[in-house]
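Below is one structure, written out as structure tokens; the observations come after it.
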Number of protein chains: 2
Amino acid sequence: MARTQGSHSDITGPRVREAALTLFARHGYAAVSMRQIAGEVGVQAGALYNYTPDKQSLLFDLMKGHMDELLAAWATQPKTSNPLAALEQFTRFHIRFHSKRPEAVFISYMELRNLSPGNFTVVEKLRRTYEDALADILRAGVANGAFNVPEPKVAAMAVIAMLTGVNTWYREAGRLSLSEVEEIYWAMVRKSVTA
Amino acid sequence: MARTQGSHSDITGPRVREAALTLFARHGYAAVSMRQIAGEVGVQAGALYNYTPDKQSLLFDLMKGHMDELLAAWATQPKTSNPLAALEQFTRFHIRFHSKRPEAVFISYMELRNLSPGNFTVVEKLRRTYEDALADILRAGVANGAFNVPEPKVAAMAVIAMLTGVNTWYREAGRLSLSEVEEIYWAMVRKSVTA
DNA sequence: GATTGATTTGAACGCCTGTTCAGTTAAATC
DNA sequence: GATTTAACTGAACAGGCGTTCAAATCAATC
């Protein structure tokens, strides 16, 4: 036997995904060519096909990977039966998690239409799972009188849109720290749904 | 003299813009070819160049046109000195205006990175003007004690993100009417910023 | 009905696309 | 140092890209 499986592939594989992440986020999936990705990695275009069956899979893997990570991270958060505390936890978690992965977040929101129908269904289901986690918190708060929202699913969509919007303007080098942003948004979220 | 200026151009010109709007919104700017747009209009690709100098201008005109219309429509809204009333007006105006132009809204949020640097600057400035209109309302409310927001510009970004998010899920054929959606969002916006 | 010129066609331009694959390179094992 | 094979190259494939332009078309004017 000669070289054991993947001596360079351990390095090149992740680099392909990183380059795709960066370039897709910057220019958009359709505007980025396989040759551009290869160039960023320092390899010829043909070599990419050792690491992905095609360009579409590259996009899908990034998006599904992001949603899987999001749901996994949310699952590790300690659960509380107090809806107001749960909402605060969700708010802070969402802002912190998303602020650390701006490219993946950007891609996951912008490139949905470039997924093949089958891949879209998968990603959309994961997204709905996340939305429903928030909707459930709101429903629990309505049940115990802490919240006053006539349509928990709609309110969940509103809150998530508001929170994800942070990524459109927040910069680490900016005037406000992420903690300050967290406080501002948590105050708004709390007031928007409380009775 | 023969045919006066534009006997078909009166018809074809708008149809080119409509086709570009629909296709850019559905598939994204980079994924749509001039031949596709021409096909939708029922013409050969070369004919498009009677109506636009190039593909980039087609995108820019759609985005600038949308922002101009938005600001013009907002300018016709009756002004009030009461910040709470002004905020309600902004909220309902935003939801109604954006719900009527889902394709243009979609393009204006998704295709910013496909604008040339010069065109981006123009569109970005118009967008900032709109954001500042809301920030000014919030500042006035802070000044007279109606609102409690530590960072009016941040709060404006949060509110706009929340309101624009309606377009991601609202469908005319859905369970909720636009009036109902308006009420739900107005209640959330009002509570999120009031003292 | 001839004239005029705006409108459109259809072919061509050079270049880029995603993907494939025979052949080369080079690192790990014996 | 020979062998093995994963990793990569570089050329090729068929097709599409944005854009240009001479020639054809056709409706309005005279």
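Naming: A, B, ... by sequence-line order, numbering from 1 per chain.
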Rounding to a whole Å, what distance do you find between [X]:[atom1] and [N]:[atom2]?
| X | N | atom1 | atom2 | answer |
| --- | --- | --- | --- | --- |
| A:Leu23 | C:dT17 | CG | P | 12 Å |
| B:Asn114 | D:dG18 | CG | C1' | 15 Å |
| A:Met34 | D:dC8 | CE | P | 14 Å |
| B:Tyr49 | C:dG10 | OH | P | 18 Å |
| B:Asp54 | D:dT20 | CG | P | 8 Å |
| B:Ile37 | D:dG16 | CD1 | P | 17 Å |
| B:Leu48 | D:dC21 | CG | P | 17 Å |
| A:Arg35 | C:dG18 | CZ | P | 7 Å |

Could you tell me whether the phosphate oxygens of [N], OP1 or OP2, come under 4.0 Å of any side-chain nitrogen or oxygen in [X]?
| X | N | answer |
| --- | --- | --- |
| A:Tyr29 | C:dT17 | no |
| A:Ser33 | C:dT17 | yes |
| A:Thr12 | D:dA7 | no |

Nearest to the [X] side chain among [options], which nucleotide is it?
| X | options | answer |
| --- | --- | --- |
| B:Val43 | D:dC8, C:dT8, C:dT17 | C:dT8 |
| B:Ala45 | D:dC8, D:dT19, C:dG18 | D:dT19 |
| A:Lys55 | D:dA7, C:dG18, D:dT20 | C:dG18 |

By nearest-heavy-atom nucleotide on DNA chain C, the more 5' of A:Ala30 and B:Gln44 is B:Gln44
If you find the nucleotide of DNA chain C closest to A:Val32 and the one closest to A:Ala47, which residue's nucleotide is nearer the 5' end?
A:Val32
Using 4.0 Å as the upper bound for N to carboxylate O, is an ion pair formed by A:Lys153 and A:Glu131?
yes
Got a salt bridge between A:Lys55 and A:Glu111, using NZ or NE/NH1/NH2 to carboxylate O under 4.0 Å?
no
Should B:Phe90 and B:Trp186 be regarded as members of a common hydrophobic cluster, given that ILVMFWY residues are connected when their side-chain heavy atoms come within less than 4.5 Å of each other, either directly or indirectly?
yes
Please tell me if the side chains of A:Val16 and A:Leu58 come closer than 4.5 Å, counting only heavy atoms from C-beta onward.
yes
Centres of the A:Tyr130 and A:His94 rings: under 6.0 Å?
yes
